[in-house]
K.L.:
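Take a look at this one; I'll ask things after.
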Amino acid sequence: PVRMTPGPREATARRTLRKREVEMADCKVLLVDDEVEFVDVLADRLEARGLSVVKTHNGREALDAAEGTVFDAIVLDMAMPGMDGIETLEGLLEINPDLQVILLTGQATLEQAATAIRIGALDLLEKPADLDNLVSKIEMAATRRWALEEKRIEEKVAETVRKKGW
């Protein structure tokens, strides 16, 4: 058999794939749902795909976790006792407006979905969410968060250059 040396396009595709794997391995996800068994199973499935997962079971725990850690994506249940998903979403975005939150729901109304998106949720998925779709949304969230972080760094550098007169 003839062995062909990969061309530049194939090499670039391999580098892109490796870079994506590294990025997803570095991706930190916060799960927030009062259904403990659901959180455990979802965490296991996401970790099997290489994601780093922190589990919480109510809004207060989620806010506490977000105070001390930067998450690339937050997967948040809409219907929880006490602080519901909307209240938790608002609190999370007060802590860090760049947080990328994906809401999960079994019974959201169109009005609740519109409210969540207006407040700043990245997306709203129905339970049970298809795992591939959820992972795709998490990847999108991580990419958006990284882009926002990169933009902030560039703005700081530009401000420093401007102040120094370089």
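All residue numbers refer to positions in the sequence shown, counting from 1.
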K.L.:
If a pair satisfies side-chain hydrogen bond (donor to acceptor under 3.5 Å, both in side chains) and one of its residues is in residues 129-138, list it, with sequence neighbours excluded.
P.N.:
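Of all non-adjacent pairs touching residues 129-138, those that pass side-chain hydrogen bond (donor to acceptor under 3.5 Å, both in side chains) are Arg49-Asp132, Asp123-Lys137.
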K.L.:
Which pairs pass side-chain hydrogen bond (donor to acceptor under 3.5 Å, both in side chains) with one or both residues in residues 80-99, sequence neighbours excluded?
P.N.:
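Every side-chain hydrogen bond (donor to acceptor under 3.5 Å, both in side chains) pair that includes a residue of residues 80-99, provided the two are not neighbours, is Asp98-Arg152.
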K.L.:
Kindly write out the residues that satisfy side-chain hydrogen bond (donor to acceptor under 3.5 Å, both in side chains) with Lys55, not counting sequence neighbours, or none if the list is empty.
P.N.:
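So Lys55 forms a side-chain hydrogen bond (donor to acceptor under 3.5 Å, both in side chains) with Asp40.
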K.L.:
Have a look at Val32 and tell me which of Ile74, Val54, Asp77, Val39 forms a side-chain contact (heavy atoms from CB on, under 4.5 Å) with it.
P.N.:
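Answer after filtering Ile74, Val54, Asp77, Val39: Ile74.
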K.L.:
Once you round to the nearest 0.5 Å, how far does CG of Leu51 lie from SG of Cys27?
P.N.:
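Rounded to the nearest 0.5 Å, the CG-SG separation comes out at 5.5 Å.
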K.L.:
Check whether Thr115 reaches the backbone of Ile86 with its side chain - one donor and one acceptor, N or O, closer than 3.5 Å.
P.N.:
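Between the backbone of Ile86 and the side chain of Thr115 there is no qualifying donor-acceptor contact (under 3.5 Å).
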K.L.:
Hey, could you give me the CG/CD1 distance between Asp64 and Ile95, rounded to the nearest 0.5 Å?
P.N.:
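Those atoms lie 8.0 Å apart.
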K.L.:
Quick one: do Val41 and Leu131 end up in the same hydrophobic cluster if we chain Ile, Leu, Val, Met, Phe, Trp and Tyr together by side-chain heavy atoms under 4.5 Å apart?
P.N.:
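No: no chain of side-chain contacts under 4.5 Å links Val41 to Leu131.
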K.L.:
My understanding is that only residues two or more places apart in sequence, or in another chain, count here; which of them pass side-chain hydrogen bond (donor to acceptor under 3.5 Å, both in side chains) with Arg45?
P.N.:
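By the side-chain hydrogen bond (donor to acceptor under 3.5 Å, both in side chains) rule, Arg45 matches no residue at all.
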K.L.:
Is there a path of hydrophobic side-chain contacts, each under 4.5 Å between heavy atoms of I, L, V, M, F, W or Y residues, that connects Ile119 with Leu124?
P.N.:
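Ile119 and Leu124: one cluster.
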K.L.:
Looking at every heavy atom in both Leu46 and Leu31, which two are closest together, and how far apart are they?
P.N.:
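Looking at all heavy atoms of both residues, the shortest contact is CD1-CD2, 3.9 Å.
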K.L.:
Which value, rounded to the nearest 0.5 Å, describes the distance between Glu139 atom CD and Leu134 atom CG?
P.N.:
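The CD atom of Glu139 sits 10.0 Å away from the CG atom of Leu134.
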K.L.:
Where is the tightest heavy-atom contact between Thr56 and Ala65, given as atom of each residue plus distance?
P.N.:
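In this case the closest contact between Thr56 and Ala65 is CG2-CB, 4.2 Å.
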K.L.:
Answer yes or no: does atom CD of Glu37 have more than 12 heavy-atom neighbours from other residues, nucleotides or ligands under 6.0 Å?
P.N.:
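At most 12 heavy atoms, drawn from other residues, nucleotides or ligands, come within 6.0 Å of this atom.
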K.L.:
Apply side-chain hydrogen bond (donor to acceptor under 3.5 Å, both in side chains) to Asp34 and list each qualifying residue two or more places apart in sequence or on a separate chain.
P.N.:
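Partners of Asp34 under the side-chain hydrogen bond (donor to acceptor under 3.5 Å, both in side chains) test: none.
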K.L.:
Could you grab the distance from atom CE of Met83 to atom CZ of Arg60, nearest 0.5 Å is fine?
P.N.:
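Answer rounded to 0.5 Å: 5.5 Å.
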K.L.:
Identify the heavy atoms of Ala141 and Gln100 that sit nearest to each other, and give their distance.
P.N.:
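Closest pair (atom of Ala141, atom of Gln100, distance): O-CG, 3.3 Å.
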K.L.:
Show the nearest heavy-atom pair for residues Gly85 and Leu103, with the distance to one decimal.
P.N.:
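For Gly85 and Leu103, the tightest heavy-atom pair comes out as O-CD2, 4.4 Å.
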K.L.:
Just to verify, what does Arg144 make a salt bridge (Lys or Arg N to Asp or Glu O under 4.0 Å) with, not counting sequence neighbours?
P.N.:
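Here no residue qualifies.
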K.L.:
Give the minimum heavy-atom separation between Ile102 and Ile138, together with the two atoms involved.
P.N.:
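That closest heavy-atom pairing would be CD1-N, 3.8 Å.
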K.L.:
So, using side-chain hydrogen bond (donor to acceptor under 3.5 Å, both in side chains) as the criterion, who are the partners of Glu149 when residues are at least two apart?
P.N.:
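Listed in chain order: Arg145.
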K.L.:
Going by the rule side chain to side chain contact (heavy atoms under 4.5 Å, CB included), which residues pair with Lys164 if we only count those two or more places apart in sequence or in a different chain?
P.N.:
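For Lys164 the side chain to side chain contact (heavy atoms under 4.5 Å, CB included) partners, ignoring immediate neighbours, are Thr160, Trp166.
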K.L.:
Under the criterion side chain to side chain contact (heavy atoms under 4.5 Å, CB included), I'd like the reasoning laid out for Phe71 against Val101: C-alpha separation, chi angles, the key distance, then a yes or no.
P.N.:
CA-CA 10 Å; Phe71 291 98; Val101 180; over 6 Å; no
K.L.:
When rounded to the nearest 0.5 angstrom, what is the spacing between CG in Leu76 and CG in Leu92?
P.N.:
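Interatomic distance, Leu76 CG to Leu92 CG, rounded to 0.5 Å: 6.5 Å.
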K.L.:
Among all residues two or more places apart in sequence or in another chain, which pass the salt bridge (Lys or Arg N to Asp or Glu O under 4.0 Å) test with Glu35?
P.N.:
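With sequence neighbours excluded, Glu35 shows a salt bridge (Lys or Arg N to Asp or Glu O under 4.0 Å) to Lys127, given in chain and number order.
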K.L.:
So which heavy atom on Asp33 is nearest to which on Met80, and how close?
P.N.:
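In this case the closest contact between Asp33 and Met80 is CA-SD, 4.1 Å.
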K.L.:
Residues two or more places apart in sequence or in another chain: which of them pass side chain to side chain contact (heavy atoms under 4.5 Å, CB included) with Glu159?
P.N.:
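Checked Glu159 against side chain to side chain contact (heavy atoms under 4.5 Å, CB included); matches are Arg162, Lys163.
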K.L.:
Can you sort out the partners of Arg118 under salt bridge (Lys or Arg N to Asp or Glu O under 4.0 Å), two or more places apart, ordered by chain and number?
P.N.:
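Not a single residue meets the salt bridge (Lys or Arg N to Asp or Glu O under 4.0 Å) criterion with Arg118.
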K.L.:
Going from CG on Leu99 to CG on Asp72, what distance comes out if it is rounded to the nearest 0.5 angstrom?
P.N.:
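The CG atom of Leu99 sits 10.0 Å away from the CG atom of Asp72.
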